[in-house]
Amino acid sequence: MSTLITNIGELVTNAPDGDSAPGPGPFAVQTGAAVVIDDGVVAWTGPASQAPAADDIVDAQERAVLPGFVDSHAHLVFAGERGAEFAARMAGQPYQAGGIRTTVAATRAASDVTLRANLRRLADELGRQGTTTFECKSGYGLTVRDEARSLRLAAEVTPEVTYLGAHVVPPEYADDRDGYLDLVCGPMLEACAPYARWIDVFCERDAFDGAETARVLAAGQAAGLLARVHAGQLGPGPGVQVAVAAGAASADHCTFLTGEDVAALASSSTVATLLPAVEFSCRQPYPDARGLLAAGATVALATDCNPGSCFTSSMALCVALAVREMHLTTEEAVWSATAGGARALRRPDVGHLGVGARADLLMLDAPSHAYLAYRPGVPLTAAVWRAGRLIAARPELLPR
Ligand code: NIG
Ligand code: FE
């Protein structure tokens, strides 16, 4: 079953440039374009006037089409909410990692049915806004049973599942950090590894230090998991260096970076994943995205959707903030929210619309990608396809 989407005003392809490793290439667009999707993948792109026939036709009416967003950092398995903490923060209280324990208590107390319903509601919310690949962490269970069930539920909605037993030390281990780390690297890892692809550590002054982070990553890697790290969210620290030394796919937050951190990211394959909606929601300074790009680092954008530091699921908001507050061009921001996320998740099949890519497409109610920043806060989703399947659409855009 093939679908031709034609009369596309601007088609953002990020298509592979041929010479490099598989996966997205640089930002690239075609105007007056069409795309054919067949059997869940991109089968053809080119000028609308030369488009081949297909079973269905969708007239884009000069709208823009981009690769679906790739949100490479989200914490979606939790119960409870922390609206009052957010309000207190806006009234002057600082963000503290300790708020995580509030969500841990609510998550442990929740049934599987509640956790699954919460997770599916958020997963649907992401999809409706054009996110077609997303990562999902545990980290609000912090017992063997609660981490394993968080990951089991996450694996129902995405393959990009991340074990974050090292989020914070839970209250019952407050006087026994080493005992908790033994658990995280031992029985908890054993119970969680079958559901996860990734291991992550919150490397921060109120969470885990550099040596502890390195230990947890090494244990995860020995169990077959790939590494990613929360680094430099609340202050400068060893997170980026530990991430790069471990060969992590991504160092996330990067709000506080030293010159050495920037150099380490630029000379490695570790992606700098920036989470500007966290800075927005915590009233923090924004990371030096221009400095990272100038040094040659790969930059991704992600939401960090979680009940504490940042409760948005909108990649469009992240693009708008990256452009307005971090001085990325609209092209750089959209690339980072699609191809950059794909690099951070080591997923060559998404983040671009080259022939053979998974048919993940976001059609905007706008003529160009720039409108994501030009019209901040406006719902611009006209239609979304994930693996060739239409998951959201304005009625007039249904195939005929
Ligand atoms: O990425 N930094 C650690 N984890 C989350 C916040 C979690 C929370 O506050 O509940 C983050 O910002
Ligand atoms: Fe996070």
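Model, not experiment: these values are computed from the prediction. Every number for a ligand or one of its atoms is a count from 1 in the order of the listing.
When the N, O or S atoms of H73 are ranked by distance to the Fe ion (ligand 2), NE2 comes first. Nearest N, O or S atom of H75 to the Fe ion (ligand 2): atom NE2. As for H230, its N/O/S atom nearest the Fe ion (ligand 2) is the one called NE2. As for D304, its N/O/S atom nearest the Fe ion (ligand 2) is the one called OD1.
No side-chain donor from either of T132 and R358 sits under 3.5 Å from a side-chain acceptor of the other. Using modelled atom types, one finds no donor on one side chain facing an acceptor on the other under 3.5 Å when comparing N7 with E62. Looking only at atom types and distance, the side chain of T162 has a donor-acceptor partner in the side chain of E135 under 3.5 Å away. Judged purely by distance below 3.5 Å, without hydrogens or angles, the side chains of R128 and T381 never pair a donor atom with an acceptor atom.
Of the protein's non-hydrogen atoms, the one nearest atom 7 (C) of ligand 1 is Y140 OH, 3.1 Å. With hydrogens left out, the protein atom closest to atom 2 (N) of ligand 1 is Q233 OE1, 2.6 Å, a heavy atom. At the top of the distance list for atom 1 (O) of ligand 1, counting protein heavy atoms only, stands D304 OD2, 2.8 Å.
Ligand 1 places these atoms under 4.0 Å from at least one heavy atom of G308: 8 (C), 9 (O), 10 (O). Within the listing of ligand 1, atoms 6 (C), 9 (O), 11 (C), 12 (O) sit less than 4.0 angstrom from a heavy atom of S309. Under a 4.0 Å criterion applied to the non-hydrogen atoms of H73, ligand 1 contributes the atoms 1 (O). Every atom of ligand 1 is numbered from 1 in the order shown, and the set under 4.0 Å from a heavy atom of H167 is 3 (C), 4 (N), 5 (C), 7 (C).
Not a single heavy atom of E204 sits under 4.0 Å from any atom of ligand 1. Heavy-atom distances between T103 and ligand 1 stay at or above 4.0 Å for every pair. Assignment of N306 to the shell around ligand 1 is supported, since a heavy atom sits closer than 4.0 Å.
A tilted orientation is assigned to the rings of H73 and H75, their planes being inclined by 30° to 60°. In this structure, H167 and H230 have tilted ring planes: the angle between them lies in the 30° to 60° band.
Using a 4.5 Å cut-off on side-chain heavy atoms (C-beta onward), H327 and Y286 make no contact. Between V12 and L353, the closest side-chain pair of non-hydrogen atoms is not below 4.5 Å.
Counting heavy atoms of neighbouring residues, nucleotides and ligands inside a 6.0 Å radius, atom CZ of R324 does not exceed 12 of them.
Looking at F311, Y95, F202, it is Y95 that brings a heavy atom closest to atom 6 (C) of ligand 1.
A salt bridge is defined here as a Lys NZ or Arg NE, NH1 or NH2 lying under 4.0 Å from an Asp or Glu carboxylate O, and K137 with D304 fails to meet this definition.
Residue contact annotation: D252 places no N/O/S atom under 2.8 Å from the Fe ion (ligand 2).
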